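Since we're looking at a predicted model, the values are computed, not measured.
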Amino acid sequence: MTGLDLTALLAERGGERYELHARHLNHQLPRMLHTIGFDKVYERAQGAYFWDTDGQDYLDMLAGFGVMGLGRHHPVVRKALHDVLDAELPDLTRFDCPPLPGLLAEKLLTYAPHLDRVFFGNSGTEAVETALKFARYATGRGRILYCTHAFHGLTTGSLSVNGEDGFRDGFAPLLPDTALEMGDLDALERELKRGDVAAFVVEPIQGKGVHPTPPGFLRAAQELLHRHKALLIADEVQTGLGRTGDFFAYQHEDGVEPDLVCVAKALSGGYVPVGATLGKDWIFKKVYSSMDRVLVHSASFGANAQAMAAGLAVLAVMEDEQIVAGARHTGDLLRSRLAALVDKYELLHDVRGRGLMIGIEFGRPTSLGLRGRWTMLQAARKGLFAQMVVVPLLQRHRILTQVSGDHLEVIKLIPPLIIGEREVDRFVEAFTAVMDDAHGSGGLMWDFGRTLVKQALQTR
């Protein structure tokens with residue numbers, strides 16, 4: 001019998017991983033990984049840990065940018081996928097109504113009881129694209145408002161509401177849009193008075209920099225939007241499914257009921273891409289207003305059986321293992337222990353966030369010696385100090401983290417929601433050791449910092 005022997009293929013060619021990427025994929029990725037010392041070879045993964053070829057374990061505090069909410073290879077999700085494959089379902093006929101999408105939609109909507117319907121796509125950016133299209137069609141208006149520094153995806157529609165010029169540059173023209181400072185209700189009202197705004201899309205906690213919306217802002221924004229017949233879109237692609245200690249992050253604020261909610265990432269269980277846009281009945285009925293419009297918005301692989309099975313399994317695990325409450329408890333513990341270090345280290349300026357979405361911000365020190373080193377890094381490229389912290393966390397302590405955005409002195413912690421006190425202890429101890437080194441008179445960190453400065457100057 002001929003066919004693919006995947007185990008043999010990986011054994012034969014797995015060692016070429018970085019060369020294959022450099023030759024056939026994004027050639028800058030391996031270059032970047034080599035530069036910062038992230039060119040590891042991970043052999044397997046389970047839960048919140050990786051293991052390399054030497055059998056050393058690595059704590060994952062990144063969770064695939066939030067995709068691995070339940071960690072890697074959760075047995076319940078694995079079993080659901082085995083079951084759906086073994087069932088040999090007549091998937092994606094396109095001219096039937098299979099039960100799994102309906103069951104997953106029904107279950108998702110129990111967490112947002114003010115919403116009525118769901119569209120399934122394949123990713124977070126597709127979920128946002130769907131919300132933008134639905135909002136524009138339902139309101140008959142074209143302009144979308146968003147926050148500066150926002151991130152909503154990288155396809156053309158979602159890029160139009162991306163608050164970072166580095167992602168937008170060179171891809172114009174985009175959709176009609178206007179950026180607002182998060183929390184600026186006066187600016188929001190001024191834009192709404194122009195009468196052409198379809199919606200305001202917002203992350204309840206911005207991923208870039210880990211900035212929560214100000215208290216009361218979402219409720220007040222919702223009232224303004226509805227007064228001017230515009231919609232509120234909550235982008236919960238990263239913050240949803242328990243990440244912030246509630247199922248959805250907008251639920252931290254009483255009375256907030258978005259018209260459309262975008263989810264993805266953790267709903268996949270880390271296996272099969274899935275995105276979902278939850279919305280009000282009247283919006284869906286306006287978009288799908290007749291049988292002629294039955295396919296006016298669709299996705300070729302949307303609502304496939306494997307993705308739906310993964311989503312159902314994820315929600316079952318979240319309930320059975322009380323994942324949301326666990327994320328709230330562990331997040332409070334981790335954040336409080338890190339916040340206690342702010343007064344100890346002058347380079348550490350702030351610890352913020354909710355649940356297991358935590359931002360660690362560094363800033364200009366007060367002592368003369370440290371201030372000179374800090375200034376050297378800032379002159380070369382803002383964000384280098386945060387990278388100086390990330391690298392020794394991986395190299396010396398085997399903990400995977402990353403900065404929360406380009407040119408930011410902020411590390412974002414978004415670990416699997418299943419971590420507990422053992423992982424909190426390991427991270428805090430490692431972080432304390434790295435900060436001790438950074439505040440010392442010498443230290444390997446600053447040697448690495450000089451290397452980063454040279455690299456930054458060479459790329460200008």
Side-chain angles (χ1 to χ4, degrees), residues 25-26 29 62-69 108 118-137 142-177 179 198-208 231-241 243 248-250 258-279 283 287 296-304 307-308 310-311 314 357 402 404-406 412 414:
L25 298 167
N26 180 349
L29 176 61
L62 190 60
F65 294 123
V67 169
M68 302 294 177
L108 265 178
V118 181
F119 175 86
F120 288 113
N122 306 284
S123 64
T125 195
E126 279 189 61
V128 172
E129 294 277 357
T130 299
L132 298 180
K133 284 180 67 176
F134 281 28
R136 296 177 82 202
Y137 192 86
R143 194 157 60 103
I144 305 292
L145 305 180
Y146 64 99
C147 292
T148 55
H149 310 299
F151 185 94
H152 298 291
L154 296 175
T155 49
T156 301
S158 57
L159 186 61
S160 301
V161 291
N162 194 310
E164 200 58 39
D165 289 340
F167 289 111
R168 296 165 62 101
D169 289 349
F171 296 106
L174 301 172
L175 298 179
D177 62 78
F200 174 45
V201 58
V202 61
E203 303 157 273
I205 301 179
Q206 281 193 337
K208 186 177 174 63
L231 306 182
L232 175 62
I233 302 171
D235 182 347
E236 295 268 5
V237 168
Q238 188 166 100
T239 56
L241 276 76
R243 171 58 57 190
F248 290 120
Y250 71 78
D259 302 286
L260 293 157
V261 176
C262 306
V263 298
K265 288 189 181 288
L267 187 60
S268 69
Y271 281 103
V272 186
V274 58
T277 306
L278 289 63
I283 298 173
V287 172
V296 72
H297 186 73
S298 62
S300 294
F301 288 96
N304 71 80
M308 300 298 97
V314 166
M357 185 172 182
Q402 196 45 264
S404 72
D406 204 16
K412 179 167 62 176
I414 44 172

Test item: [X] side-chain N/O and [Y] main-chain N/O as donor-acceptor pair under 3.5 Å:
X      : Y      : value
Gln206 : Thr148 : yes
Thr155 : Gly157 : no
Glu203 : Phe151 : yes

Approximate separation, where rounding is to 0.5 Å, of [X] [atom1] and [Y] [atom2]:
X      : Y      : atom1 : atom2 : answer
Cys262 : Glu129 : SG    : CD    : 10.0 Å
Thr239 : Arg243 : OG1   : CZ    : 10.0 Å
Phe167 : Leu159 : CZ    : CG    : 9.0 Å
Phe119 : Thr130 : CZ    : OG1   : 4.5 Å
Tyr146 : Ser160 : OH    : OG    : 8.0 Å
His149 : Ser404 : NE2   : OG    : 11.0 Å

(request) Begin from the C-alpha positions of Gln238 and Ile205 and carry the test side chain to side chain contact (heavy atoms under 4.5 Å, CB included) through to its verdict. (result) CA-CA 9 Å; Gln238 188 166 100; Ile205 301 179; over 6 Å; no

Do you know which two heavy atoms are closest between [X] and [Y], and how far apart they sit?
X      : Y      : answer
Val67  : Gly270 : CG1-CA, 3.9 Å
Ile144 : Val161 : CG2-CG1, 3.5 Å
Phe120 : Ala299 : O-CB, 4.3 Å
Ala127 : Ala276 : CB-O, 3.6 Å
Ala307 : Val274 : CB-CB, 4.0 Å
Ala264 : Ser123 : CB-C, 3.8 Å

(request) Begin from the C-alpha positions of Asn162 and His152 and carry the test side chain to side chain contact (heavy atoms under 4.5 Å, CB included) through to its verdict. (result) CA-CA 6 Å; Asn162 194 310; His152 298 291; over 6 Å; no

(message) Quick check: do Phe248 and Val263 have side-chain heavy atoms less than 4.5 Å from each other?
(response)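 Heavy-atom side-chain distance check passes, below 4.5 Å.
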
(request) May I ask you to test the Leu232-Val201 pair for a side-chain heavy-atom distance under 4.5 Å? (result)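 A side-chain contact under 4.5 Å is absent here.
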
(message) Show, in sequence, the C-alpha distance, side-chain angles and deciding distance for Tyr137 and His297, and conclude whether the ring pair (Phe, Tyr, Trp, His ring centres under 6.0 Å) test is met.
(response) CA-CA 11 Å; Tyr137 192 86; His297 186 73; over 10 Å; no

(message) Run Thr125 and Leu154 through side chain to side chain contact (heavy atoms under 4.5 Å, CB included) and show every step you take.
(response) CA-CA 7 Å; Thr125 195; Leu154 296 175; 5.6 Å; no

(message) Under the salt bridge (charged side-chain N to carboxylate O under 4.0 Å, His left out) definition, can you give me all pairs with a residue in residues 258-273, not counting sequence neighbours?
(response)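 For residues 258-273, and leaving out neighbouring residues, the salt bridge (charged side-chain N to carboxylate O under 4.0 Å, His left out) pairs sorted by first residue read Asp259-Lys280.
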
(request) Give every residue pair that meets the salt bridge (charged side-chain N to carboxylate O under 4.0 Å, His left out) criterion with at least one member in residues 152-168, sequence neighbours excluded. (result)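 Qualifying pairs: Glu164-Lys208, Arg168-Asp177.
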
(message) Checking Val202 against Leu145 for the side chain to side chain contact (heavy atoms under 4.5 Å, CB included) test, could you report, in this order, the C-alpha distance in whole Å, the side-chain angles of both residues, the deciding distance, and whether it holds?
(response) CA-CA 9 Å; Val202 61; Leu145 305 180; over 6 Å; no

(message) Val118 and side chain to side chain contact (heavy atoms under 4.5 Å, CB included): which single residue from Thr277, Leu278, Val261 fits?
(response)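 Only match with Val118 under side chain to side chain contact (heavy atoms under 4.5 Å, CB included): Leu278.
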
